[in-house]
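As the structure is a prediction and not an experimental result, all values here were calculated from the model.
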Amino acid sequence: MQALDADGGALFFSAFMFRLDHLVRRIEPPEQVMLEVDCEKHAFLICEEGEGRLYIGDEQYPFTTGFVYPLSPGEGYQIEHRKDSELKYIVMSFDVIHVLTSDPELYTRPVFAHRNQLNGYPYAPLSGLLEQMYVIRNYKTDAEYSHLNAQFQKWMEIIITRYTSPKKEQSMEARLRSTIQYVDDHYTEEITVQKLARLAEIRPVQYTILFRQLTGHKPLDYVNHVRIKHAKEWLRKSDEPLRDIASRVGFKDEYYFSRRFRQMTGLSPRQYDRSIQQQTLVQDWMGHEVNIPVNPERIMYYGDSAGDLLMLGIPVLGDQTYDAVAPVKVEAAVVMNPDLIIFDSNNEQQYEQLSHIAPTLAYNSHAMLTSECVVWATGLANNLRLNSG
């Protein structure tokens, strides 16, 4: 077999193909020292939750949430766990095929020479992929296997990118944003502040403060906000029982779901279902499709001038506009409880922040409104005049 040096060239990994063999989730009880396990294939050990020590031959490493360690065929590992809580981890076994030979062959030598080089990065992107792979690990059709293999190749892309890239310290805000994305992707699962804080590598108390500054919500309030948003979509497109919709979006209890729904919208789920008939779907200037109220009562405007709206006789919340260039004060916006936000900017990041507060319509005050927006704005102005008359 031709020898390859992982440090010898920039295209080392292009010599291989990777094929997932199997995934196993293991849980070690408190005060546990496991026997040594030998690897028959290449493997990653991924700590999902807990804390311990990992021994590989004469080497030892910390083994805590988010840490990933590669092993090669023939290597043995042992985990020491003496904390008062469980240690949960995954063993991902895979084959490495050396393809730059006349006859492709299994490669059994180490592929990752520096075992500790995969750590120190946000765990959220890997955690999301890992959960998706674990759910479909027992594939039964070629299509299911193809989907599993595609997810595994995404995993390897992240792993190889991290291994070959110069190590950069990720900002605390970037780590925080990665957990917001995690909630958006995994809202159906059980989510705690402690789990999100671990993913961001920030102490829970500090995490809660920073999260609220960034989103205007406490972490679990934001989780419920995302769940309610998706529940609204299910109410729009299906006639399923409330208990089924609650379960689909991550609520275990139909009554808690209904209570949170009313707290956040002012309506019960069924009242909201009936009110959907009074909404209009429009496409804004940036291409977002937005369901907006036919007769909004609390319109918040972000931009240089609300001239177009005022000319049509449409009032804005507080009779004032907010600078679309300055950072969004999300906590203040949440307190004002708008039912529609109009955003005169193409700043996608700020749009994303605002859209988590209320339906947000982006438009360009220096360009023509889209036909849908013209129809909606004219209709709203007419309704306001009729109501005031």
Side-chain angles (χ1 to χ4, degrees), residues 23 25 27 46-49 65-66 86 88-90 92 122-140 143-144 147-148 150-152 154-155 158 175-200 204 207-208 211 214-265 267-270 272-273 276 289 291 352-353 355-357 359:
L23 286 171
R25 175 172 279 147
I27 300 177
I46 308 114
C47 184
E48 294 188 289
E49 191 174 319
T65 304
E86 294 179 337
K88 184 161 66 174
Y89 65 101
I90 278 185
M92 179 189 294
Y123 180 47
L126 290 179
S127 177
L129 274 175
L130 197 60
E131 195 59 40
Q132 291 178 49
M133 286 190 286
Y134 191 78
V135 168
I136 58 176
R137 68 194 185 283
N138 296 321
Y139 58 88
K140 291 182 173 60
E144 291 174 352
H147 181 51
L148 175 61
Q151 300 303 98
F152 175 64
K154 289 179 184 177
W155 167 280
I158 295 174
R175 300 199 305 273
L176 196 66
R177 288 189 182 280
S178 74
T179 63
I180 294 173
Q181 185 61 51
Y182 180 87
V183 172
D184 291 344
D185 293 339
H186 297 271
Y187 61 90
T188 62
E189 302 168 14
E190 184 176 354
I191 297 176
T192 64
V193 174
Q194 289 72 21
K195 181 174 185 176
L196 295 174
R198 281 198 304 270
L199 292 175
Y207 177 85
T208 298
F211 191 99
L214 189 61
T215 67
H217 299 277
K218 295 177 181 178
L220 295 186
D221 287 343
Y222 179 77
V223 172
N224 284 327
H225 172 85
V226 173
R227 288 171 173 166
I228 295 299
K229 180 181 73 172
H230 286 278
K232 289 178 180 178
E233 294 175 5
W234 280 105
L235 286 167
R236 288 190 190 102
K237 66 185 183 183
S238 81
D239 295 321
E240 290 188 1
L242 285 184
R243 64 177 179 274
D244 293 345
I245 292 177
S247 177
R248 279 185 181 277
V249 300
F251 287 101
K252 296 180 179 179
D253 185 296
E254 174 187 345
Y255 301 102
Y256 179 69
F257 161 64
S258 296
R259 188 164 67 250
R260 294 297 296 179
F261 196 101
R262 183 183 288 276
Q263 287 175 349
M264 295 182 68
T265 67
L267 301 170
S268 71
R270 288 308 176 203
Y272 176 82
D273 191 11
I276 291 170
E289 289 193 342
N291 274 293
E352 184 71 18
Q353 285 183 292
S355 67
H356 287 310
I357 299 170

Side-chain touch [X]/[Y], heavy atoms, less than 4.5 angstrom:
{"X": "W155", "Y": "I46", "value": "yes"}
{"X": "Q181", "Y": "D184", "value": "yes"}
{"X": "E48", "Y": "T65", "value": "no"}
{"X": "S258", "Y": "L242", "value": "yes"}
{"X": "W234", "Y": "D244", "value": "no"}
{"X": "N224", "Y": "Y256", "value": "yes"}
{"X": "R270", "Y": "L235", "value": "yes"}

Among residues at least two apart in sequence or on other chains, which ones pass side chain to side chain contact (heavy atoms under 4.5 Å, CB included) with [X]?
{"X": "D221", "result": "H217, K218, R260"}
{"X": "E49", "result": "K88, R198"}
{"X": "S247", "result": "none"}

Using side chain to side chain contact (heavy atoms under 4.5 Å, CB included), reason through F251 and T188 one step at a time and then give a plain yes or no.
CA-CA 8 Å; F251 287 101; T188 62; over 6 Å; no
Residues that H230 engages under ring-ring contact (aromatic ring centres under 6.0 Å, His included), provided they are two or more places apart:
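H230 satisfies ring-ring contact (aromatic ring centres under 6.0 Å, His included) with Y187 once adjacent residues are dropped.
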Counterpart residues, ring-ring contact (aromatic ring centres under 6.0 Å, His included), relative to Y255 (two or more places apart):
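ring-ring contact (aromatic ring centres under 6.0 Å, His included) list for Y255, sorted by chain: empty.
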Measure the spacing between [atom1] of [X] and [atom2] of [Y] and express it to the nearest 0.5 Å.
{"X": "Y222", "Y": "I180", "atom1": "OH", "atom2": "CD1", "result": "6.0 Å"}
{"X": "H186", "Y": "L196", "atom1": "NE2", "atom2": "CG", "result": "11.0 Å"}
{"X": "F261", "Y": "L267", "atom1": "CZ", "atom2": "CG", "result": "7.0 Å"}
{"X": "T215", "Y": "L176", "atom1": "OG1", "atom2": "CG", "result": "8.0 Å"}
{"X": "L148", "Y": "I136", "atom1": "CG", "atom2": "CD1", "result": "4.5 Å"}

Would you check, one step at a time, whether the test side chain to side chain contact (heavy atoms under 4.5 Å, CB included) holds for K252 with E190?
CA-CA 10 Å; K252 296 180 179 179; E190 184 176 354; 4.0 Å; yes
Under 3.5 Å donor-acceptor pairs involving side-chain atoms of residues 123-132, not counting sequence neighbours:
| from | atom 1 | to | atom 2 | distance (Å) |
| --- | --- | --- | --- | --- |
| E131 | OE1 | R25 | NH2 | 3.2 |
| Q132 | OE1 | Q151 | NE2 | 2.6 |

Nearest heavy atoms of [X] and [Y], plus distance in Å:
{"X": "L220", "Y": "I191", "answer": "CD2-O, 3.6 Å"}
{"X": "R262", "Y": "S268", "answer": "NH2-CB, 3.4 Å"}
{"X": "F257", "Y": "I245", "answer": "CZ-CG2, 4.3 Å"}
{"X": "P219", "Y": "V193", "answer": "CB-CG2, 4.0 Å"}
{"X": "F152", "Y": "M92", "answer": "CE1-SD, 3.7 Å"}

Do H147 and E144 meet the criterion of a side-chain donor-acceptor pair at a distance under 3.5 Å?
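No, because no side-chain N or O of H147 sits under 3.5 Å from a partner of the opposite role on E144.
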Please confirm whether the backbone N or O of Y182 pairs with a side-chain atom of T179, one donor and one acceptor, at under 3.5 Å?
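Checking the backbone N and O of Y182 against the side chain of T179, no donor-acceptor pair under 3.5 Å is found.
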